[in-house]
K.L.:
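Before I ask anything, here is the structure I am working with.
Residues take their numbers from the sequence shown, with the count starting at 1. The analysis underlying the following values was restricted to heavy atoms, covering all of them including side chains, and did not include hydrogens, waters or symmetry mates.
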Amino acid sequence: AFLAQVVAFAFGLAAASFFPAIVMGIFSKKMNKEGAIAGMVVGLAFTFSYIVYYKFINPTAGPNEWWFGIPPAGIGTLGLLFNLAVSLVVSKVTAAPPDHIQHIIEDIRIPRGAGAAIDH
């Protein structure tokens, strides 16, 4: 049970910190480093503090005291949503990435040498 819980915490922390930055870095040409960093900090800080609070500071808390009844092992999903929201807002209010970076993103999405799809 301990190992499963540690793995759940690790995946939750990874989901709340890295996953939105990776996905938005590939699928949004407007995502910039400021938005990605701010989102990662918020998602990681929220998820880490929630886990620490309910596992070490207040370990006797139960579902009635958890946010929306979400246990500490599953809070990474909410941290991911916070990360995504902060990333999008910060990237909208800060300067867009340079054109050469946006072209790199376009190259990732459509690799060089890939022909047009005509039939499936």
Side-chain angles (χ1 to χ4, degrees):
F2 174 75
L3 181 60
Q5 194 173 50
V6 170
V7 170
F9 291 150
F11 274 99
L13 289 167
S17 58
F18 298 121
F19 183 72
I22 293 169
V23 170
M24 293 303 293
I26 294 171
F27 293 107
S28 174
K29 293 194 303 185
K30 300 298 181 184
M31 178 58 63
N32 57 18
K33 68 179 177 182
E34 293 84 2
I37 291 169
M40 288 170 58
V41 168
V42 167
L44 185 62
F46 168 76
T47 304
F48 184 76
S49 63
Y50 189 90
I51 290 170
V52 167
Y53 180 76
Y54 285 113
K55 291 310 286 180
F56 301 108
I57 298 171
N58 190 8
T60 60
N64 293 335
E65 298 174 40
W66 296 334
W67 273 31
F68 308 110
I70 301 172
I75 200 63
T77 304
L78 196 55
L80 180 144
L81 295 176
F82 288 159
N83 180 337
L84 186 61
V86 169
S87 295
L88 291 173
V89 168
V90 171
S91 67
K92 294 285 185 202
V93 299
T94 54
D99 286 338
H100 72 279
I101 299 296
Q102 293 183 26
H103 291 300
I104 291 171
I105 299 303
E106 205 51 49
D107 287 343
I108 290 172
R109 293 159 100 197
I110 303 169
R112 208 169 317 172
I118 52 173
D119 281 334
H120 286 240

K.L.:
Check side-chain contact (heavy atoms from CB on, under 4.5 Å) between P97 and all other residues, then give those that pass, not counting sequence neighbours.
P.N.:
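P97 satisfies side-chain contact (heavy atoms from CB on, under 4.5 Å) with N32, I101, Q102 only.
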
K.L.:
Identify whether M40 and M31 are in the same connected component of the hydrophobic contact network (ILVMFWY, side-chain heavy atoms under 4.5 Å).
P.N.:
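Result: no, two separate clusters.
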
K.L.:
In Å and rounded to the nearest 0.5 Å, what is the CZ to CG distance from F18 to N83?
P.N.:
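Going from CZ on F18 over to CG on N83, the span is 10.5 Å.
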
K.L.:
May I ask you to decide if L44's main-chain N or O and T47's side chain share a donor-acceptor pair within less than 3.5 Å?
P.N.:
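Not confirmed, T47 side chain does not pair with L44 backbone.
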
K.L.:
To the nearest 0.5 Å, what is the distance between CD1 (I57) and CD1 (I51)?
P.N.:
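Here the rounded value is 12.5 Å.
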
K.L.:
For W67 together with Y53, are the ring centres under 6.0 Å from each other?
P.N.:
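No, the ring centres sit 6.0 Å or more apart.
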
K.L.:
Answer with yes or no whether the hydrophobic clustering places L81 together with F27; edges join I, L, V, M, F, W, Y residues whose side-chain heavy atoms lie under 4.5 Å apart.
P.N.:
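They do share one cluster, since a chain of ILVMFWY contacts under 4.5 Å joins L81 to F27.
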
K.L.:
Same hydrophobic cluster for V86 and V93, using side-chain heavy-atom links shorter than 4.5 Å among ILVMFWY?
P.N.:
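Not linked; separate clusters.
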
K.L.:
Scan residues 20-47 for pairs that pass salt bridge (Lys or Arg N to Asp or Glu O under 4.0 Å), counting only residues two or more places apart or in two chains.
P.N.:
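As it turns out, the salt bridge (Lys or Arg N to Asp or Glu O under 4.0 Å) pairs with a partner in residues 20-47, which skip direct neighbours, are K29-E106.
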
K.L.:
Would you say L3 ends up clustered with F9 if hydrophobic residues are merged whenever their side chains have heavy atoms under 4.5 Å apart, either directly or through other cluster members?
P.N.:
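No, F9 does not connect to L3 through the hydrophobic network.
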
K.L.:
To the closest 0.5 Å, what do you measure between OG (S91) and CE (M24)?
P.N.:
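Taking OG in S91 and CE in M24, the distance rounds to 6.5 Å.
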
K.L.:
What distance do W66 atom CH2 and N58 atom CG have between them, rounded to the nearest 0.5 Å?
P.N.:
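Going from CH2 on W66 over to CG on N58, the span is 11.0 Å.
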
K.L.:
Please report the closest heavy-atom contact between A38 and V90, naming both atoms and the distance.
P.N.:
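Closest pair (atom of A38, atom of V90, distance): CB-CG2, 3.9 Å.
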
K.L.:
With rounding to the nearest 0.5 Å, note down the distance linking CZ in F19 to CG in L84.
P.N.:
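Answer for the CZ-CG pair, F19 versus L84, is 9.5 Å.
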
K.L.:
Identify the two heavy atoms, one from G76 and one from A16, that lie closest to each other, and give their separation to 0.1 Å.
P.N.:
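Taking G76 first and A16 second, the nearest heavy atoms are O-CB, 3.9 Å.
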
K.L.:
Considering non-hydrogen atoms only, spot the tightest contact between P20 and A15 and give its length.
P.N.:
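Shortest heavy-atom contact: CD-O, 3.2 Å.
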
K.L.:
Distance from L80 atom CG to I75 atom CD1, nearest 0.5 Å?
P.N.:
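Reported value, rounded in 0.5 Å steps: 11.5 Å.
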
K.L.:
Is a donor on one side and an acceptor on the other found under 3.5 Å between the side chain of Y54 and the backbone of E65?
P.N.:
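Side chain of Y54 to backbone of E65: a pair is present.
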
K.L.:
In terms of hydrophobic clustering (I, L, V, M, F, W, Y; side-chain heavy atoms under 4.5 Å; direct or indirect links), are F46 and F68 co-clustered?
P.N.:
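Per the 4.5 Å side-chain linkage, F46 and F68 are co-clustered.
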
